[in-house]
S.K.: 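Sharing a structure with you now.
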Number of protein chains: 2
Amino acid sequence: MQDKITRVLKAIADPTRREIFHALVVASAAMPITQISGQFQISRQGVTKHLRTLEDAGLIHINSKGRERYCFADAEPLKEVNHWLKFYERFWDDSLNNLGTYLDQPS
Amino acid sequence: MQDKITRVLKAIADPTRREIFHALVVASAAMPITQISGQFQISRQGVTKHLRTLEDAGLIHINSKGRERYCFADAEPLKEVNHWLKFYERFWDDSLNNLGTYLDQPS
DNA sequence: TTAATATGCAACTATATGGTTGCAAATATA
DNA sequence: TATATTTGCAACCATATAGTTGCATATTAA
């Protein structure tokens, strides 16, 4: 399949998935799927698909209990995104650097 | 269209685009499209499409000079991703918190 | 036992995505 | 001027994505 970081980035690249993930994080409690999907306009099945994507990225975990499936957030995979970002940190402040590069073009 | 942060996340969610962006960052010099595409296996047009996506996200800027178009990286939009991540920072360390949540399920 | 609830699976649709190729136009070079 | 180079545009293709609906199944509650 895909790279781990690619899975995580694709997972959080969708606004609805970011909302679902956020809801689970701030809830700080495991929630069954129906309860989660009740907070969104899209169908339960739509939410379920997003949950699977989040699960594949490791951003949530699901645990069955009776007929219900409890989902809870796990922010740990975001560490890797943070690490990826860290390399570029030194570049996003010096806009002057970019400007310099721009001015460095052959004329 | 889309949210700014969504555009940025979608842009970096593709491995080829991350490579292109990285190449431009470390080059720390503006490069014409043909020169960039020479570093990748996919066609020039394929690269051009990725460059447009990166440009829409603000991760590169393009400047025409004669028949050439010079591209250079701009890491600034990554700040917003960093800011989004920052909120979750406090959650990704305490795996115990997640475990607690897990154990908090009704029985 | 019967009814309600929570879920998964499958099929389907529309659109986005990552890639290709062919061709035309603009610019630079011989 | 004739030729080579850099690029954009457009059409096309295969697959992925975000969403839907219908139905079957398992579990819980009346």
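Below, read A as the first sequence line, B as the second, and so on, with proteins coming before strands; counting in each chain starts at 1.
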S.K.: Taking A:D74 for its side chain and A:E76 for its backbone only, find out whether a donor-acceptor pair lies under 3.5 Å.
M.R.: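 Answer holds: yes.
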S.K.: Using salt bridge (charged side-chain N to carboxylate O under 4.0 Å, His left out) as the criterion, list what pairs up with B:E89, not counting sequence neighbours.
M.R.: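 Counting only residues at least two positions away or on another chain, B:E89 forms a salt bridge (charged side-chain N to carboxylate O under 4.0 Å, His left out) with B:K86.
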S.K.: Can you run down the side-chain hydrogen bond (donor to acceptor under 3.5 Å, both in side chains) pairs that involve residues 6-19 of chain A, sequence neighbours left out, and say none if there aren't any?
M.R.: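 Matches after skipping sequence neighbours: A:T6-B:R18, A:R17-A:H50, A:R18-B:T6.
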S.K.: What's the CZ-C1' distance between B:R18 and C:dT17, to the nearest Å?
M.R.: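 My rounded result for the distance is 16 Å.
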S.K.: Rounded to the nearest Å, what distance is computed from the CG atom of residue B:L51 to the P atom of nucleotide D:dT6?
M.R.: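 B:L51 atom CG is separated from D:dT6 atom P by 15 Å.
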S.K.: In whole angstrom, give the distance that lies between atom CD1 of A:I36 and atom C1' of C:dT5.
M.R.: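 Atom-to-atom, A:I36 to C:dT5, this comes out as 16 Å.
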S.K.: Under 4.0 Å: is that the gap between some side-chain N or O of B:T48 and OP1 or OP2 of D:dT7?
M.R.: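 Checking B:T48 against D:dT7: no side-chain N or O falls below 4.0 Å of OP1 or OP2.
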S.K.: Give, for atom CG of A:L78 and atom CD1 of A:I12, the distance between the pair rounded to the nearest 0.5 Å.
M.R.: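 It is 6.0 Å, given to the nearest 0.5 Å.
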S.K.: Expressed as a whole number of angstroms, how long is the span from B:R69:CZ to C:dT27:C1'?
M.R.: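 It works out to 14 Å between those atoms.
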S.K.: Could you state the CE-P distance from B:M31 to D:dT6, rounded to the nearest angstrom?
M.R.: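 Nearest whole value for this atom pair: 14 Å.
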S.K.: To the nearest Å, how far apart are A:D56 CG and D:dA16 P?
M.R.: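 That distance rounds to 14 Å.
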S.K.: Rounded to whole Å, how long is the line connecting atom CZ of A:R7 with atom P of D:dA16?
M.R.: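 In whole Å, D:dA16 P lies 15 Å from A:R7 CZ.
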S.K.: How does each nucleotide of nucleotides 17-30 of chain D score, in 5' to 3' order, for protein heavy atoms under 4.0 Å: base (B), sugar-phosphate only (S), or none (-)?
M.R.: SBBBBB----BB--
S.K.: I'd like a table of donor-acceptor pairs (distance under 3.5 Å, sequence neighbours excluded) in which one partner is a side-chain atom from residues 32-48 of chain A, with atom names and distances.
M.R.:
{"unit_1": "A:S37", "atom_1": "OG", "unit_2": "A:T34", "atom_2": "O", "d": "3.2"}
{"unit_1": "A:S43", "atom_1": "OG", "unit_2": "A:G46", "atom_2": "N", "d": "3.0"}
{"unit_1": "A:T48", "atom_1": "OG1", "unit_2": "A:R44", "atom_2": "O", "d": "3.1"}

S.K.: Let me know the distance between CD1 of B:I33 and C1' of C:dT27, rounded to the nearest Å.
M.R.: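 The answer, rounded to whole Å, is 15 Å.
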S.K.: List in chain and number order the residues that pass ring pair (Phe, Tyr, Trp, His ring centres under 6.0 Å) with A:F87, two or more places apart in sequence or in another chain; answer none if no residue qualifies.
M.R.: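 A:F87: ring pair (Phe, Tyr, Trp, His ring centres under 6.0 Å) contacts with A:F91, B:H22.
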